[in-house]
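Inspection log for the structure reproduced underneath, given as structure tokens.
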Amino acid sequence: MRIKKEKISTEYKMKYSIWYHVLPFLSIGLLIAVWYLGSSSNPMIFPTPNTVLRRMIELSQNKLSGYTLIGHMGVSLLRVAVSLGLAIIIGVPLGVLIGWSRGVRATIGAVFECIRPIPMLAWIPLMVMWFGIGEKSKIIMIFMAALMPIVVNSYTGIKMISPLYLDVGKMFNASTEWQLLRSIVLPAALPTIFAGIRNATSMALMVVLAAEMIAARAGLGFLINRGMEVFDVSLVMSGMVAIGVTGALVAVLTNFIERKLCPWNRSI
Amino acid sequence: MADKVKIKVDHLTKRFGDLLVLDDISFEVKKGEFICVVGPTGCGKTTFLNLLTRIYQPSSGELYIDEEPADPKKHNISFAFQEPSAMPWLTVEENLEFGLKIKKIPKEERKKRVDRILKLLGMENLRNAYPKQLSVSEEQRVIIGRAFSTYPDLLLMDEPYGQMDIKMRFYLEDEVLKLWKEFGSTVIFITHNIEEAIYLAERVLILSNKPAKIKENLEINLSRPRDVTSEEFIELRKYVTDQIKWW
Amino acid sequence: MEQKYLTRLKISNISKSFPNKEGKRELAVDNISLDVYDGEFLVLLGPGRCGKSVLLNMIAGLMKPDEGKVVLDGEEITKPNPQMGMVFQKTGLLPWLTVMDNITFGPRQRGESKKIYTERAQKYIDMVGLTGFEKSYPYQLSGGMKQRVGIARAYTNEPKILIMDEPFGALDAQTRYSMEQEVQNIVEKDRRTIIFVTNNIEEALMLGDRIILFTNYPARIKKIYDVNISKPRDTMDRTFLMLRKEISENTDLAL
């Protein structure tokens, strides 16, 4: 028996909607409860949420290796911001060019298709050998990781534009290539480009940690690594929680920027 | 048997909170009758339909099929809506068979009915096509064929030809009449198109503005095939339009 | 009346073919010649996908004919021409622009002064009944309202000839009917030469001064009807119904 779905779902939603707000809190509560239960047996290997929280507060007040917890967060974020900025400045125009011009696509596009399947983490040893373990090498690593999704999405965004929009542009006086590119192609591709930037951000967060864990004197990856070296489990877990918080903050920020930049894209 | 009451709608009323949408609707449909329901825009036709399909429960009143309260488990109510809804992963043949399988009809009988429908529709050559390979009108025809093939106690159609041009519409309307005669189904056909209603129906139910009541129960005694340019036809059309005045 | 017979657009012997799945070329538009007169409401009527859109794209300059040519006021059309306005079937509103920015897109590209084009846009926004929605984005509008924006956008670009490509094909029957009334009102207030494409016989008869009936694929001219019924037209008028029947019988059924 076929029924009209939307009718049912509104009645259903009205009845059960309150659950949808309560359930997330319940499940998070459950997670913390399980953590408590699991951790109580051996505080040295699996500290309680309390211990980790206290450790984080302590880390925020006293410097470790020259930075407080917030300071380490800042160091990691700065690395991400610089590399991501560079990747956007270089990646978006490059992707747009590959998408828009057949000539560029034929030459550079192929190179990208070759490099793309190699996971970012596989590049790290090469980067360390070439550029050492200083700040420069970290920035380059993160930059490389962020560049790929940005180029690929910019390119895809341009390729996927409905021909209808191009016809609209042509019928309404956008007579030069530049006019079409600026007033039709770029805005039409913007949501896809932005999705690439979002992917790039999570890639960058991942790689910054990996890079910091290999060699660094500051940053969240350094904290975790230091914790591991001295078998300080609560330090490792503090670092992990801090990364979670950082990731969530960055996601909120990107969403905010995206909503400002693409107010017409209601899927966000 | 021709005069036996098949469907009885008895004082059907529906409220949403304080809002009265359907107000005490009563009518009977004889077995094998073709009824069209017309009414002004937003008069509650959809609510009416949803009551008949048992998606909504009436606030009061009841729908009887064969003198028993309608029960989807027991009675066979079929649908055809405006949007074609063939299962994309099944071929035309499998789509036609689908409804019959659910009704647990034996395989041999299923095959016989599917062949009969395909022949009536003249779509034997599209037997193995997938819905994606069909045009919108072909897909809609498959759906309507599917609805008839289950030998429903009641067949409900909600503007199945709403989007079609008249050339196509007349073709499909003739087809639906052919299926109806062939299968002797009891049909309630909801439409906003008065010409369509008068072309198809033995009886037209005119609903009033919200809250919907039955404003008139109009027998259409025109011989078939009906000529839409004939004086009587135009007269009837004008009359019904005056009753509705939705624009 | 004599003005009606001043030819604006001359389409002579145009044909267009495309490669089909087997790689052979298949005709979509077969040797069509047609004059479009100044100020007339011309309807191109044809079943389903009969190649009307291809013809239209050639008239608009979005596609080049294999043979023949399209001449507007003595000048051959070879590329998109701002003298031609277009209302697209799928509205083609740019989702990243507000209603106002969509409507003024054309004049902006042309570099017109903001004051002039905003004033003109507002006139057409008011005319199609979108006052108050200037700052809305397309996704906030219903199907009928979107196409109103499409119409206002085409008018604001001040074309000599306005092409409407099945503009109401995606709308439900009742919205469609009211949009047809709307178009009639606008045409009365702001007379332009209009080429209106549809597969809906009733719509063609409601709106057209002249109806060109096409065959099913490839598109050839089957018959030309002059509709001498005064507007606004009554769909239950006997003459209307007889003509509808005649056209219907002459139309190829595209199942």
Side-chain angles (χ1 to χ4, degrees), chain A residues 4-7 10 92 95-96 99-100 153-154 156-198 254-268, chain C residues 53 56-63 77-99 101-112 117 121 135-141 146 149-150 152-159 161-165 170:
Chain A
K4 289 201 166 170
K5 260 184 277 157
E6 72 274 23
K7 292 279 157 21
T10 31
V92 173
V96 169
W100 187 240
N153 268 58
S154 306
T156 323
I158 304 276
K159 284 297 290 173
M160 275 188 344
I161 291 173
S162 155
L164 174 64
Y165 292 152
L166 295 177
D167 280 353
V168 168
K170 286 179 203 155
M171 285 310 290
F172 288 91
N173 318 328
S175 40
T176 64
E177 290 247 325
W178 170 240
Q179 272 182 314
L180 274 181
L181 190 67
R182 196 195 43 172
S183 51
I184 301 282
V185 175
L186 281 180
L190 196 56
T192 322
I193 294 175
F194 216 92
I197 294 178
R198 233 184 306 139
T254 23
N255 268 348
F256 175 77
I257 295 172
E258 187 168 4
R259 220 170 296 163
K260 283 282 161 216
L261 273 177
C262 318
W264 69 90
N265 200 359
R266 69 207 145 124
S267 64
I268 318 160
Chain C
S53 296
L56 216 59
N57 280 331
M58 290 191 287
I59 296 175
L62 289 168
M63 218 182 251
I77 288 181
T78 50
K79 58 178 194 314
N81 187 324
Q83 311 277 14
M84 304 255 200
M86 184 95 145
V87 177
F88 292 85
Q89 183 178 4
K90 290 177 181 153
T91 74
L93 297 190
L94 306 175
W96 56 91
L97 297 179
T98 60
V99 166
D101 289 344
N102 260 292
I103 290 174
T104 56
F105 182 89
R108 264 207 321 278
Q109 295 301 316
R110 208 158 43 198
E112 255 184 70
Y117 70 65
K135 292 198 171 93
S136 305
Y137 282 98
Y139 77 86
Q140 295 166 310
L141 306 179
K146 276 185 201 158
V149 180
R153 176 173 67 179
Y155 271 94
T156 303
N157 206 33
E158 300 210 295
I161 292 187
L162 192 57
I163 302 171
M164 299 194 185
D165 182 10

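Here is how names work: the chains are called A, B, and so on, in the same order as the sequence lines, proteins then strands, and each is numbered from 1.
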Under 4.5 Å to a heavy atom of chain A? For C:Arg153 that would be both
Flag side-chain contact, heavy atom, 4.5 Å: C:Pro107 against C:Asn157: yes
Worksheet item: Is C:Gln140 atom CD crowded by more than 12 heavy atoms from other residues, nucleotides or ligands, each under 6.0 Å away?
Response: yes
Hits for salt bridge (charged side-chain N to carboxylate O under 4.0 Å, His left out) against C:Arg110, two or more places apart or cross-chain, chain-then-number order -> C:Glu112
- prompt: Are side-chain heavy atoms of C:Thr91 and C:Val149 found at a separation under 4.5 Å?
  reply: no
Counting heavy-atom pairs under 4.5 Å with chain C, the top scorer among A:Gly169, A:Ala174, A:Ser162 is A:Ala174
Expected contact set for residues 178-191 of chain A against chain C at heavy-atom separation under 4.5 Å reads A:Gln179, A:Arg182, A:Ser183, A:Ile184, A:Pro187, A:Ala188
Under 4.5 Å to a heavy atom of chain A? For C:Leu97 that would be neither
Contacts of C:Lys90 meeting side chain to side chain contact (heavy atoms under 4.5 Å, CB included) (sequence neighbours excluded), chain-then-number -> A:Leu164
Those residues at least two apart in sequence (or on a different chain) that pass ring-ring contact (aromatic ring centres under 6.0 Å, His included) with C:Tyr155 are C:Tyr124
Scanning both residues in full, the closest heavy-atom pair of C:Ala154 with C:Leu162 reads CB-CD1, 3.4 Å
